Amino acid sequence: MLDLKSKLPSAGTTIFTVMSRMAAEHGAINLSQGFPDFDGPQALRDRLTWHLNNGHNQYAPLAGVPDLRQQIAAKIHALYGRAVNPDTEVTITPGATEAIFCAVTAVVHPGDEVIVFDPCYDTYEPSVSLNGGITRHITTRYPDFRIDWDEVAAAINDRTRMIMLNSPQNPCGKVWGEEDIAGLRRVIAGRKIWLLADEVYEHMVFDGQSHLSLLRYEDLAARTFAVYSFGKTFHATGWRIGYCVAPAAMTAEFLRIHQFINFSTNTPMQYALADFLKDEPGFHNTLAAFFQRKRDLFGSLLQGSRFGMQPSSGTYFQLADYSAISDEADTAFAARLTREHGVAVIPVSVFYAAPPEQHIVRFCFAKGDDTLRNAAERIRGI
Ligand SMILES: Cc1ncc(COP(=O)(O)O)c(C=O)c1O
């Protein structure tokens with residue numbers, strides 16, 4: 001018998017798959033996994049069909065279609081004031097997920113340490129582990145998820161190779177402020193530490209706040225792999241397309257990895273996105289208001305219920321404190337909500353290495369208004 005020794009022995013089926021499956025089994029409204037139940041712009045889909053039918057079906061260049069890289073550079077300049085070279089500093093990837101893996105693989109060697117802020121996205125630690133690295137988790141807590149920068153400073157040592165940051169942050173909806181940027185600067189001063197800025201929710205920042213992309217800051221951008229997702233921005237998570245922006249030397253190393261994982265990213269979508277970004281460069285500016293209205297609708301529908309809901313500052317997720325309803329563990333509560341009340345959610349403990357004592361679940365509000373109304377109707381009274 002061959003001995004298949006797993007490199008990820010503790011990784012099971014992700015909670016997103018588990019909850020989506022449970023939602024389907026019980027006919028529940030699925031507010032668990034993070035994807036919209038509506039499509040992106042018709043004009044973008046029309047451009048895709050056009051390119052599919054007009055000969056753009058072969059391998060794209062390793063770093064991506066030049067036209068799309070140019071559009072991305074223009075967008076970054078307009079949004080974050082940084083001039084990035086589309087030829088040497090932008091890579092189109094099959095989603096942010098692959099970009100995260102390539103960035104980590106580019107810099108993390110066996111025994112290196114990587115700092116993440118829990119609750120954090122579930123691909124971070126496996127990306128580190130598969131490269132022989134060790135993940136150091138800094139725990140932040142409901143309701144404000146404040147980072148204790150002294151704790152971060154104490155966790156840093158000579159083996160610390162990377163810090164992974166996510167703003168706006170999934171699952172908690174935290175949006176970084178200048179105090180976080182100052183804290184980050186302080187702890188990396190004089191250290192050779194790379195940064196991975198996961199900014200896939202860059203356009204979903206609410207209540208008039210700004211997204212503090214690390215690309216805004218010269219000193220931080222110089223050591224940052226910043227990753228983005230067209231899937232999030234264009235309501236098309238199934239398209240599997242995103243990009244990474246990093247200084248030329250870092251991009252060169254990133255490309256060395258990317259070429260042996262995916263080689264390049266699907267061609268017709270790149271052409272379609274390039275056209276759409278050129279034709280409608282303001283589309284992403286509509287997203288904050290679009291999702292804020294959904295957040296507020298869902299919040300108002302659950303007002304007066306026993307769910308405690310402090311409005312999310314960013315992403316398309318809303319946390320709810322159910323401690324007034326039950327003291328069961330969040331995984332049990334999420335399963336019961338799905339089975340008995342017909343609404344699937346994500347228990348927040350799964351985003352922690354060492355979950356603190358809290359009773360929080362995550363709703364995804366990237367859903368049609370009627371879906372949100374029906375879901376709220378089902379759980380308002382419990
Ligand atoms: C924080 C975060 N990073 C990265 C991703 C992955 O993005 P993509 O679908 O483009 O791979 C997600 C998707 O949910 C996410 O929430």
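No experiment lies behind these values; they were computed from the predicted model shown. One-based numbering, in listed order, for ligands and for the atoms of each.
- Among residues at least two apart or in separate chains, salt bridge (Lys or Arg N to Asp or Glu O under 4.0 Å) pairs with a member in residues 140-156 are D150-R186.
- Remark: R295 fails to qualify as a cation-pi partner of F365 under the 6.0 Å distance and 45° angle criteria applied to the six-membered ring.
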Ligand 1 polar-atom proximity to protein (N/O, under 3.5 Å):
residue  : atom   : partner : partner atom : Å
ligand 1 : 3 (N)  : D198    : OD1          : 3.3
ligand 1 : 3 (N)  : D198    : OD2          : 2.6
ligand 1 : 9 (O)  : R240    : NH1          : 2.8
ligand 1 : 10 (O) : A96     : N            : 2.8
ligand 1 : 10 (O) : S229    : OG           : 2.7
ligand 1 : 11 (O) : A96     : N            : 3.1
ligand 1 : 11 (O) : T97     : N            : 2.9
ligand 1 : 11 (O) : T97     : OG1          : 2.6
ligand 1 : 11 (O) : R240    : NH1          : 3.4
ligand 1 : 11 (O) : R240    : NH2          : 2.8
ligand 1 : 14 (O) : Y201    : OH           : 3.4
ligand 1 : 14 (O) : K232    : NZ           : 2.7
ligand 1 : 16 (O) : N170    : ND2          : 2.8
ligand 1 : 16 (O) : Y201    : OH           : 2.7

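- Residues Y352 and Q358 meet the side-chain proximity criterion, which asks for heavy atoms closer than 4.5 Å.
- Ring centers of Y316 and Y201: under 6.0 Å apart, within the cut-off.
- A salt bridge is absent between R159 and D112; no separation between the charged side-chain nitrogens and carboxylate oxygens falls under 4.0 Å.
- The closest side-chain heavy-atom distance from C102 to C244 is not below 4.5 Å.
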